[in-house]
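Note that the structure is a prediction, hence the values are computed from the model and not measured. All values below come from the heavy atoms of this structure, side chains included, with hydrogens, waters and symmetry mates left out.
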Protein chains: 2
Amino acid sequence: MSVQITPAELEIMKIIWARPGLGASEIAEALTDQQDWTIKTIKTLLTRLVEKGALATTSEGRRFLYTPKIARKTYQKTAASQLVDRLFNGRAAPLVAQLADARGLSEEDIAELEALLGRLKS
Amino acid sequence: MSVQITPAELEIMKIIWARPGLGASEIAEALTDQQDWTIKTIKTLLTRLVEKGALATTSEGRRFLYTPKIARKTYQKTAASQLVDRLFNGRAAPLVAQLADARGLSEEDIAELEALLGRLKS
DNA sequence: TTCTGTTGACGACATTTGTAGTCGATCCTA
DNA sequence: TAGGATCGACTACAAATGTCGTCAACAGAA
């Protein structure tokens, strides 16, 4: 089983993926916009992520700096595969069809998807 | 917030989406392949799904028949949108790219995606 | 040097989730 | 008709999750 990251923990991971090597208080600061957590909550989540092996720590003086141990892309692949398997019988096209139906695809998405398909067919 | 369905509950939903109007014991039977749950567990999950508003019941004699109150497609859309928002900045193309990278796309998926893109561009 | 604020370690506690068990009513079988 | 099977309602309980609190150690400010 790959590491299980909960929704709350994922918010932390996203910060650290974007800027690896932050300390707890800087992460808290980066999260003030999105979340209304106390530093205590954030530290608990960080500890759990380290326990789970999703983050690694480096000591800097008496504090820790956190870096991802699981790459963003790795996690994206796992999560996307899980969704496709659990809800779409392993098929990608119906997933995209539902997405397009639910919220449309941007021009950018359409262009990128075409490029991707072109690459896959050659 | 749309109804939150847990992984275990989703297994139940999938059976009922496939064949609406089953009773608890028939659902249990349909699940014997995939899951190793007792009928008790299944009944608990059914109760919770009814409480959550994901299933509706009809009485048939002294038992209940279960039908979806949330359509499969509706749930698919919600789940797909959530994933895309939480992990892919709302973009569909990177999701498909990661999927392709993680497990490849079938010929069928590629053909369907092309058809879908064609439709979207016109 | 003393006070104050910050840090990680550890503890806490309600809610959700997974997985059953008990119980009284009822239906079916012998 | 009597005893077991089955039904839904209710209860149980550990693990995971979300959200903080306490505490001892330490670092910087006054």
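- Candidate nucleotides dT19(C), dT17(C), dG8(C) were compared by shortest atom distance to the side chain of Tyr66(A), and dG8(C) ranks first.
- Taking for each of Lys43(B) and Arg48(B) the nucleotide of DNA chain D with the nearest heavy atom, the 5'-most of the two is the partner of Lys43(B).
- Atom CZ of Arg63(A) and atom C1' of dA9(C) are 18 Å apart (whole Å).
- The two atoms that bring Ala79(A) and Leu87(B) nearest to each other are CB-CD2, 3.6 Å, heavy atoms only.
- We find that CD1 of Ile12(B) is positioned 12 Å from P of dA20(C), with the value rounded to whole Å.
- Taking 4.0 Å as the cutoff to heavy atoms of chain A, we find the contact window on DNA chain D bounded by dT17(D) to dA27(D).
- Atom-to-atom distance recorded for Thr44(B):OG1 and Trp37(B):CH2 is 11.0 Å, nearest 0.5 angstrom.
- What separates CD of Glu60(B) from C1' of dT26(C) is a distance of 15 Å, to the nearest Å.
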Do Ile5(B) and Lys52(B) pass the side-chain contact (heavy atoms from CB on, under 4.5 Å) test, and can you show the C-alpha distance, the side-chain angles, and the key distance before you say yes or no? CA-CA 8 Å; Ile5(B) 295 173; Lys52(B) 288 182 179 182; 5.5 Å; no
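- Listed for the Ser81(A) side chain is no donor-acceptor partner under 3.5 Å among the backbone atoms of Thr78(A).
- By the criterion of side-chain heavy atoms lying less than 4.5 angstrom apart, applied directly or through intervening Ile, Leu, Val, Met, Phe, Trp or Tyr residues, Leu117(A) is not grouped with Leu95(B); the two fall into different hydrophobic clusters.
- For Ser25(A) and dT7(C), the shortest distance from a side-chain N or O to OP1 or OP2 is below 4.0 Å.
- Both Leu65(B) and Trp37(A) lie near DNA chain D, and the one whose nearest nucleotide falls closer to the 5' end is Leu65(B).
- Between the CD atom of Glu51(B) and the P atom of dT17(C) there is a distance of 12 Å, given to the nearest Å.
- None of Val50(A), Thr47(A), Leu46(A) except one satisfies the side-chain contact (heavy atoms from CB on, under 4.5 Å) rule with Thr57(A); the exception is Val50(A).
- Here the shortest heavy-atom pairing between Ala54(B) and Val3(B) reads CB-CG1, 4.3 Å.
- Toward the 5' end of DNA chain C, the nearer of the two residues Thr38(B) and Lys52(B), judged by each one's closest nucleotide, is Lys52(B).
- Distance, Gln4(A) CD to dT16(C) C1': 14 Å, rounded to whole Å.
- Rounded to whole angstrom, the span from the CG atom of Leu49(A) across to the P atom of dG8(C) amounts to 14 Å.
- Computed from coordinates, the Ile27(A) CD1 to dG8(C) C1' distance equals 14 Å when rounded to whole Å.
- Contact annotation: Thr41(B) does not reach the phosphate of dG18(C) (side-chain N/O to OP1 or OP2, under 4.0 Å).
- Listed candidates were dT17(C), dG11(C), dT19(C). Nearest to the side chain of Thr6(B) is dT17(C).
- For a distance-only test at 3.5 Å, the side chain of Arg62(A) qualifies as a donor-acceptor partner of the base of dT6(C).
- Taking atom CD of Glu9(B) as the reference point, atom P of dT19(C) lies 12 Å away to the nearest angstrom.
- Between Lys40(A) and Asp36(B), the residue anchored closer to the 5' end of DNA chain C is Lys40(A), taking for each the nucleotide with the nearest heavy atom.
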